[in-house]
Chemist: 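Below: one structure in structure tokens.
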Amino acid sequence: MELWFTEKHTPNVNFSIKVDRQLYCSKSEFQRIDIFESKEFGRFLTLDGYMMLTEKDEFIYHEMITHVPMCVNPDAKRVLVIGGGDGGTVRELLRYTTIESVDLVEIDALVVEACREYLPQTAGCLGDPRIHIYYEDGLKFIRHCENEYDLIIVDSTDPFGPGEGLFTREFYGNCYKALKETGIMVNQHESPFYQEDAYAMQRAHKRIVESFPISRVYQAHIPTYPSGHWLFGFASKKHHPVRGVDWARWNSLGLKTRYYNTQLHAGSFALPNYVEEMMRDVE
Ligand code: SAM
């Protein structure tokens, strides 16, 4: 008998991975949490049946959501991560010795617990003393922050269920307020390819454009996300994501990365025409 994990990317498209065994299954107050083991992608985490990360391709997502803003502003010292309970984003941030503290606001303690037990590749660094974990709703947490952070990374689930509030105008406006005067916010921005995802992406983009003076979108290829074509949002008070960036400074840090490099960083902001058009439609 064969066991397969299947996620519906649209009502007419399925994405399946053959599963060797299920390592973990539970239902928290917020969502169903599963961790599987597979030959092709190693271990993988799903929430309510949606793919969050696999051991094989998580480096692409976590490097792109972290090193792009850190290259633009390597002086970032105080960082807020919203979501991201698997620890992958935090792992990449901790590689910068100049970062003084990372506040991780994850709504679901059970995600952190499960990842610590079964996904050490991402969660292994969650005990670092520079990290402060808050088990709270990011939407509520951010309401009380002002002029505190150099960088906010929104490493959330999709815009439904517990993650819904993290795609609202209120949330982005409060992120703006929570950032210092040279602050940057980066968020996972959904995919432009399938229609439902594209609508969500446009909605988020419109709201971010209304909240920040600089707002651009960049892309990466993530094989296990719908269509494989994934976007990130870069919103900022002062820094442009490409113009004026000191590439040599980031390269001098000597960080070894598997996906990110400074040429790819610059190129990732060059979007296909149909995506540019979708952005323009809501700007
Ligand atoms: N890389 C992933 C992706 O794009 O599919 C995101 C992974 S990470 C596991 C997302 C995390 O956001 C989940 O652990 C979820 O519990 C958390 N989350 C969802 N809504 C949240 C909220 N309102 N506040 C804080 N964390 C939230």
Side-chain angles (χ1 to χ4, degrees), residues 4-19 31 34 36 38-68 83-84 86 88-89 122 153-164 166-167 186-209 215-235 241 258-261 264-283:
W4 290 78
F5 161 79
T6 295
E7 178 182 332
K8 274 201 172 325
H9 283 181
T10 81
N12 310 303
V13 177
N14 279 352
F15 173 79
S16 295
I17 299 178
K18 191 168 174 217
V19 168
Q31 55 212 343
D34 290 285
F36 301 97
S38 70
K39 281 205 178 49
E40 199 62 50
F41 287 98
R43 294 183 175 192
F44 61 96
L45 167 72
T46 67
L47 296 179
D48 284 338
Y50 294 100
M51 178 62 78
M52 292 293 121
L53 68 89
T54 80
E55 285 183 325
K56 185 165 176 159
D57 68 355
E58 58 86 6
F59 71 99
I60 303 172
Y61 177 93
H62 293 124
E63 287 186 12
M64 287 302 278
I65 207 167
T66 303
H67 299 306
V68 168
D86 55 81
T89 297
T122 52
I153 298 183
V154 188
D155 184 2
S156 65
T157 43
D158 298 318
F160 42 80
E164 196 172 346
L166 306 181
F167 290 80
V186 168
N187 66 310
Q188 78 90 348
H189 209 67
E190 302 293 305
S191 168
F193 193 73
Y194 294 124
Q195 200 172 56
E196 279 301 304
D197 301 331
Y199 285 153
M201 180 278 286
Q202 281 184 301
R203 256 196 318 273
H205 187 62
K206 185 172 189 315
R207 291 168 184 170
I208 296 173
V209 167
S215 169
R216 299 298 306 155
V217 165
Y218 61 104
Q219 61 186 356
H221 175 236
I222 302 177
T224 55
Y225 286 175
S227 86
H229 184 189
W230 209 255
L231 301 178
F232 297 91
F234 178 102
R258 287 174 69 205
Y259 190 84
Y260 178 85
N261 60 58
L264 183 132
H265 172 144
S268 70
F269 284 88
L271 301 173
N273 289 348
Y274 83 95
V275 183
E276 281 289 1
E277 224 166 85
M278 284 177 181
M279 302 294 153
R280 268 200 306 275
D281 281 350
V282 295
E283 280 172 5

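Note: hydrogens, waters and symmetry copies are ignored here, and every other heavy atom, side chains too, is used. Predicted, not measured: the structure shown is a model, and the values here were computed from it.
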Chemist: When D155 is tested against each of T89, T66, N187 for side chain to side chain donor-acceptor pair (under 3.5 Å), which residue passes?
Modeler: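 That would be T89.
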Chemist: For a quick test of reading the model, state the closest non-hydrogen atom pair linking Q202 to M278 and the distance between them.
Modeler: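 Closest approach of Q202 to M278, heavy atoms only: NE2-O, 3.0 Å.
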Chemist: Before we go on, tell me: are the rings of Y50 and F160 under 6.0 Å apart, centre to centre?
Modeler: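 For Y50 and F160, the ring centres are under 6.0 Å apart.
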Chemist: CD of E63 to CZ of R258: how many Å apart, nearest 0.5 Å?
Modeler: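 If I round to the nearest 0.5 Å, the distance is 7.5 Å.
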Chemist: Measure the NE2-CG distance between H205 and D281 for me, rounded to the nearest 0.5 Å.
Modeler: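 If I round to the nearest 0.5 Å, the distance is 10.5 Å.
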Chemist: Is it the case that the ring center of Y260 lies less than 6.0 angstrom away from the ring center of F59?
Modeler: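 Between F59 and Y260, the centre distance exceeds or equals 6.0 Å.
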Chemist: Is the ring pair F193/Y274 parallel, tilted or perpendicular, if the boundaries are 30 and 60 degrees?
Modeler: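 F193 and Y274: perpendicular rings.
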Chemist: With a 3.5 Å distance limit and no angle check, can you tell me whether Q31 reaches the backbone of D48 through a side-chain donor-acceptor pair?
Modeler: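 It does not hold such a pair.
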Chemist: Considering all heavy atoms of both residues, which atom of I17 and which atom of F44 are nearest to each other, and what is their separation?
Modeler: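 In terms of heavy atoms, the two residues are closest at CG2-CE2, 3.9 Å.
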Chemist: Check residues 215-228 and write down every donor-acceptor pair under 3.5 Å in which the side-chain atom is one partner and the other belongs to a residue at least two apart or another chain.
Modeler:
unit_1, atom_1, unit_2, atom_2, d
Y218, OH, M64, O, 2.8
Q219, OE1, H229, NE2, 2.7
Q219, NE2, A270, O, 3.1
T224, OG1, D57, OD1, 3.3
T224, OG1, D57, OD2, 2.7
Y225, OH, M52, O, 2.6
S227, OG, S191, OG, 3.2
S227, OG, H229, N, 3.2

Chemist: Looking at Q188, E190, M279, which one forms a side chain to side chain contact (heavy atoms under 4.5 Å, CB included) with L231?
Modeler: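 Filter result, single survivor: M279.
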Chemist: For side chain to side chain contact (heavy atoms under 4.5 Å, CB included), just list the numbers for H67 and H265, CA-CA rounded to whole Å, side-chain angles, deciding distance to a tenth of an Å, and then say yes or no.
Modeler: CA-CA 9 Å; H67 299 306; H265 172 144; over 6 Å; no
Chemist: Measuring from atom CG of L47 to atom CG of L53, what distance do you get when rounded to the nearest 0.5 angstrom?
Modeler: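 If we round to the nearest 0.5 Å, L47:CG and L53:CG are 9.0 Å apart.
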Chemist: Which heavy atom in H189 sits nearest to a heavy atom in G233, and how many Å separate them?
Modeler: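 Distance-wise, the nearest heavy atoms are CB-N, 3.5 Å.
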Chemist: Measure the spacing between OG1 of T54 and CZ of R43 and express it to the nearest 0.5 Å.
Modeler: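 T54 atom OG1 to R43 atom CZ measures 13.0 Å (nearest 0.5 Å).
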Chemist: Give a yes or no on this: more than 12 heavy atoms of other residues, nucleotides or ligands lie within 6.0 Å of atom CD of E196.
Modeler: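 Count not over threshold, so no.
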Chemist: Check whether any side-chain N or O of E58 sits under 3.5 Å from a backbone N or O of T122 as a donor-acceptor pair, and report yes or no.
Modeler: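 Pair absent, no side-chain N/O of E58 close to backbone of T122.
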Chemist: Do you know the tightest heavy-atom contact between F167 and D158?
Modeler: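 Closest approach of F167 to D158: CE1-C, 3.8 Å.
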Chemist: State whether the number of non-hydrogen atoms from other residues, nucleotides or ligands found under 6.0 Å of N273 atom CG is greater than 12.
Modeler: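 Open.
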Chemist: Mind checking the CE-CH2 spacing from M201 to W230? Nearest 0.5 Å is all I need.
Modeler: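 Those atoms lie 10.5 Å apart.
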Chemist: How far apart are the C-alpha atoms of F232 and Y61, what are their side-chain angles, what is the distance that settles it, and do they pass the ring-ring contact (aromatic ring centres under 6.0 Å, His included) test?
Modeler: CA-CA 9 Å; F232 297 91; Y61 177 93; 5.5 Å; yes
Chemist: Taking all atoms of both residues into account, what is the closest heavy-atom pair of P159 and E164, and its distance?
Modeler: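 Nearest heavy atoms, P159 then E164: O-CG, 3.7 Å.
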Chemist: Quick one, K18 and K39 - any side-chain contact, counting heavy atoms below 4.5 Å?
Modeler: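 No, too far: nothing below the 4.5 Å cut-off.
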Chemist: Nearest 0.5 Å, please: how far is CG in D34 from CE in M51?
Modeler: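 The distance works out to 11.0 Å.
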Chemist: For D197, which residues count as a side chain to side chain donor-acceptor pair (under 3.5 Å) partner, sequence neighbours excluded?
Modeler: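 Listed in chain order: nothing, the list is empty.
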